[in-house]
Amino acid sequence: MQDTLRITEVFYSLQGETRTAGLPTVFVRLTGCPLRCGYCDSAYAFSGGTVRPLDDILQQVADFRPRYVCVTGGEPLAQPNAISLLKQLCDAGYEVSIETSGALDISAVDPRVSRVLDLKTPGSKESHRNLYENIALLTPNDQVKFVICSREDYDWAVSKLIEYGLERRAGEVLFSPSHHDLPARDLADWIVADNLPVRLQMQLHKYLWNDEPGR
Ligand SMILES: C[S@@+](CC[C@H](N)C(=O)[O-])C[C@H]1O[C@@H](n2cnc3c(N)ncnc32)[C@H](O)[C@@H]1O
Ligand SMILES: Nc1nc2[nH]cc(C(=O)O)c2c(=O)[nH]1
Ligand code: SF4
Ligand SMILES: [Mg+2]
């Protein structure tokens, strides 16, 4: 039996987030997630999807002839075969990233992959799931993200930034407003006022395409 993954969608768009924001990217969205963040914009990937052989997924990615591939979900690391998919995408020569909740062990992910590790804030209602052991594994090829719902979340994120020296461990520390919860301008003003070594991230695809699935 060939290795398979349960997949919600594969699509080509502009990366809306992280350090490659604005660059054409193929997205592979894996189905299923053990978390339930209150703000989740991808709840349609919690169930359903199609079980597909890895080779079939790799061929669909190749047909777009991309430079960048982003594996997301759902929670991609909840499916063990995601590790094999990531390795094979790297072997094929793409620049690969993974978006992960930070609740699962990231140690088996191929080091060529840029791991975008979300540290779940209290506003997500899932911060008790954060696996802080992951932080020691971060390298300059990785990125840490906080999705911030309120001033309380911002203060919490700053405390984690300082406690773990995150800007010295990861290549990027991203502060993103939770869409519809916090005006980006408030977060921008706080970052400047506190002179933080972090990058404000806005979800480009929501401004371009109003968060339609598959964009
Ligand atoms: C949908 S998740 C999928 C990957 C993984 N489960 C995770 O949480 O990182 C991808 C990214 O979108 C972010 N996200 C989800 N809903 C959001 C929202 N309403 N506003 C801003 N970011 C959001 C998540 O925090 C995460 O960084
Ligand atoms: N354009 C676009 N960029 C994205 N970056 C991360 C996404 C995600 O849902 O994880 C995403 C998405 O859904 N669309
Ligand atoms: S971990 Fe990611 S996919 Fe799962 S509920 Fe939270 S934001 Fe959504
Ligand atoms: Mg999305």
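Order of appearance sets the numbers: ligands from 1, and atoms from 1 within every ligand.
- The distance criterion of under 3.5 Å between nitrogen or oxygen atoms is not met by S42 with respect to ligand 1.
- Of the heavy atoms in K206, only side-chain atoms (C-beta onward) come closer than 4.0 Å to ligand 1.
- At a heavy-atom distance under 4.0 Å, only backbone atoms of P177 (N, CA, C or O) approach ligand 1.
- Each of the atoms 16 (N) of ligand 1 lies under 4.0 Å from some heavy atom of C40.
- Between the side chains of Y44 and R29, at least one donor N or O lies within less than 3.5 Å of an accepting N or O.
- Proximity of Q203 to ligand 1, defined as any heavy-atom pair under 4.0 Å, is confined to the side chain (atoms from C-beta onward).
- Distances shorter than 4.0 angstrom do not occur between any heavy atom of R29 and any atom of ligand 1.
- Between S178 and ligand 1 there is a heavy-atom distance shorter than 4.0 Å.
- The backbone N or O of T4 sits less than 3.5 Å from a side-chain atom of N81, completing a donor-acceptor pair.
- Aromatic ring orientation, F175 versus Y154: perpendicular (interplanar angle above 60°, classes split at 30° and 60°).
- For an aromatic pair to be called close, the ring centres must be under 6.0 Å apart, and Y132 with Y164 satisfies this.
- For C37, the heavy-atom gap to ligand 1 stays at 4.0 angstrom or more.
- Among all protein heavy atoms, the one lying closest to atom 6 (N) of ligand 1 is G74 O, 2.9 Å.
- Side chains of S114 and Q143: a donor-acceptor N/O pair is present below 3.5 angstrom, by distance only.
- Heavy-atom distances between K120 and ligand 1 reach below 4.0 Å in at least one pair.
- If you check which protein heavy atom lies closest to atom 20 (N) of ligand 1, you get H179 N, 2.9 Å.
- No part of V116 comes within 4.0 Å of ligand 1, judged by heavy-atom distances.
- Here the heavy atom of the protein found nearest to atom 14 (N) of ligand 1 is D41 OD2, 3.9 Å.
- Of the heavy atoms in V147, only side-chain atoms (C-beta onward) come closer than 4.0 Å to ligand 1.
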Check: every ligand 2 N/O to protein N/O pair under 3.5 Å:
from: ligand 2; atom 1: 1 (N); to: L14; atom 2: O; distance (Å): 2.8
from: ligand 2; atom 1: 1 (N); to: R215; atom 2: O; distance (Å): 3.2
from: ligand 2; atom 1: 3 (N); to: Q15; atom 2: OE1; distance (Å): 3.4
from: ligand 2; atom 1: 3 (N); to: G16; atom 2: N; distance (Å): 3.0
from: ligand 2; atom 1: 5 (N); to: Q15; atom 2: OE1; distance (Å): 2.6
from: ligand 2; atom 1: 9 (O); to: R29; atom 2: NH1; distance (Å): 3.0
from: ligand 2; atom 1: 9 (O); to: R29; atom 2: NH2; distance (Å): 3.1
from: ligand 2; atom 1: 10 (O); to: T72; atom 2: OG1; distance (Å): 2.7
from: ligand 2; atom 1: 13 (O); to: R29; atom 2: NH2; distance (Å): 2.8
from: ligand 2; atom 1: 14 (N); to: R215; atom 2: O; distance (Å): 3.0

